[in-house]
Protein chains: 2
Amino acid sequence: MVYSLMLSRRAKYGLRSLIYLTKQKGQGPIQIREISEELAIPRKFLEAILLDLRNDGILQSRQGKIGGYFLERSPDTVTMGHLVRLFDGPLASVPCVSQTAYARCDDCTEEHHCAIRWVMKEVRDASARILDQTTLEQVVEKSNQLCGRDEIEYQI
Amino acid sequence: MVYSLMLSRRAKYGLRSLIYLTKQKGQGPIQIREISEELAIPRKFLEAILLDLRNDGILQSRQGKIGGYFLERSPDTVTMGHLVRLFDGPLASVPCVSQTAYARCDDCTEEHHCAIRWVMKEVRDASARILDQTTLEQVVEKSNQLCGRDEIEYQI
DNA sequence: AGTACTCCTACCAACTCAGTAGGAGATTAT
DNA sequence: ATAATCTCCTACTGAGTTGGTAGGAGTACT
């Protein structure tokens with residue numbers, strides 16, 4: 001079975017790293033190696049992912065010996081919608097219903113008459129409603145709930 | 001920009017063909033060639049897609065000279081959810097929240113503690129709620145509305 | 001100076017997607 | 001009977017994406 005509407009590994013690794021970094025907030029830079037070991041993510045792959053998050057302004061980094069990554073933006077300002085779009089592109093399952101990356105379907109003759117567009121827009125809107133209103137902070141809270149707040153075990 | 005959560009061309013072609021066939025219901029078998037010309041879908045590609053729909057029991061076919069395809073199931077019993085799953089796999093964006101094709105995420109240590117799972121389940125449920133309650137019949141109705149019911153122009 | 005980290009470019013194997021090619025088998029019309 | 005016209009089926013292909021690796025330059029602390 002193929003899962004073509006699925007979150008990429010890149011996105012999952014990125015999200016899990018952000019949750020980890022949020023839980024460690026205020027403790028100075030965390031190194032790629034630590035995250036990669038703790039969350040079982042290939043180190044070199046993780047490097048590229050964290051770099052993307054830094055270039056987007058969500059993370060900040062420090063170079064050199066005691067360098068590493070830490071949150072730049074407050075986790076209550078980072079939405080899941082933003083993150084999923086960052087990693088995997090628009091939420092819309094057809095380009096002609098995307099808010100953030102609209103494009104005509106190249107195989108659709110007249111989009112105003114397109115019933116597929118209509119139903120897929122409903123789906124997009126429902127997904128966006130959830131993802132754009134869920135913040136990283138809320139996800140971390142939920143994660144703490146699920147794990148038991150006091151444990152320092154980073155099940156995300 | 002990459003669209004990794006997108007409907008495949010296969011799915012779009014399949015859906016458009018089904019809408020076309022629904023509108024022609026009761027008029028005997030419609031040939032691949034006609035559909036492919038009318039909807040601008042590559043003929044050989046369409047062959048494979050219609051065959052899948054037949055093997056799934058949604059379409060029926062007739063071989064030979066005046067053969068072709070026609071609906072086997074009534075369009076009010078065919079849901080968009082079923083069709084999207086048939087073409088593109090599970091709706092869930094992570095396998096561990098799929099109702100129809102559950103699987104553990106191989107990179108997730110303990111799913112009951114996974115906050116990503118939690119939010120993605122909300123998204124899946126919202127999408128499924130829409131897609132599983134929208135039938136092919138409703139989509140065709142909507143298409144007729146959008147096109148003007150009397151025109152015989154198959155903008156879908 | 002040495003060490004340990006981030007940053008950056010280039011590369012790679014495996015897989016998926018969107019088709020094509022060619023023909024066997026079925027059915028009808030002549 | 002046979003030609004025509006359709007579906008059915010297998011195999012193949014080129015382009016693009018995913019999930020990484022390799023190697024090293026640059027940066028900062030000790």
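Owing to the predicted nature of the structure, the values given are computational and were not obtained by experimental measurement. Per chain, numbering begins at 1; letters A, B, ... match sequence-line order.
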Closest listed nucleotide, where the reference is the side chain of [X] and the choices are [options]:
{"X": "Lys65(A)", "options": "dG20(D), dT3(C), dC7(C)", "answer": "dT3(C)"}
{"X": "Phe45(A)", "options": "dC7(C), dG19(D), dC29(D)", "answer": "dG19(D)"}
{"X": "Ser8(A)", "options": "dT21(D), dA18(C), dG19(D)", "answer": "dG19(D)"}
{"X": "Ser61(B)", "options": "dT7(D), dG24(D), dT6(C)", "answer": "dT7(D)"}
{"X": "Arg10(A)", "options": "dT6(C), dG19(D), dT28(C)", "answer": "dG19(D)"}
{"X": "Glu47(B)", "options": "dG19(D), dC8(D), dC7(C)", "answer": "dC8(D)"}

Side chains of Ile19(B) and Leu136(B): closer than 4.5 Å at any heavy-atom pair?
yes
Sub-4.5 Å side-chain heavy-atom contact between Leu59(B) and Leu18(B)
yes
Tell me whether the side-chain N or O atoms of Lys44(A) pair up with the base of dG19(D) as donor and acceptor below 3.5 Å, since no angle test is needed here.
no
Within this structure, what is the [atom1]-to-[atom2] distance between [X] and [N], rounded to whole angstrom?
{"X": "Glu34(B)", "N": "dT5(D)", "atom1": "CD", "atom2": "P", "result": "16 Å"}
{"X": "Gln63(A)", "N": "dC8(C)", "atom1": "CD", "atom2": "C1'", "result": "11 Å"}
{"X": "Glu37(B)", "N": "dT5(D)", "atom1": "CD", "atom2": "P", "result": "14 Å"}
{"X": "Asp88(B)", "N": "dA18(C)", "atom1": "CG", "atom2": "C1'", "result": "13 Å"}
{"X": "Leu51(B)", "N": "dA11(D)", "atom1": "CG", "atom2": "P", "result": "15 Å"}
{"X": "Leu53(A)", "N": "dC7(C)", "atom1": "CG", "atom2": "C1'", "result": "15 Å"}
{"X": "Ile32(A)", "N": "dG20(D)", "atom1": "CD1", "atom2": "P", "result": "15 Å"}
{"X": "Met6(A)", "N": "dC17(C)", "atom1": "CE", "atom2": "P", "result": "11 Å"}

[N] phosphate, OP1 or OP2: any side-chain N/O from [X] under 4.0 angstrom?
{"X": "Tyr13(A)", "N": "dG20(D)", "result": "yes"}
{"X": "Arg62(B)", "N": "dT28(C)", "result": "yes"}
{"X": "Arg9(B)", "N": "dG19(C)", "result": "yes"}
{"X": "Gln31(B)", "N": "dC6(D)", "result": "yes"}
{"X": "Arg54(B)", "N": "dC8(D)", "result": "yes"}

Is there a donor-acceptor pair closer than 3.5 Å between any side-chain N or O of Gln138(B) and the backbone N or O of Thr135(B)?
yes
Please determine whether a side-chain nitrogen of the Lys or Arg among Asp132(A) and Arg85(A) lies less than 4.0 Å from a carboxylate oxygen of the Asp or Glu.
yes
Taking Arg129(A) first and then Asp125(A), would you say they form a salt bridge - that is, a charged N and a carboxylate O separated by under 4.0 Å?
no
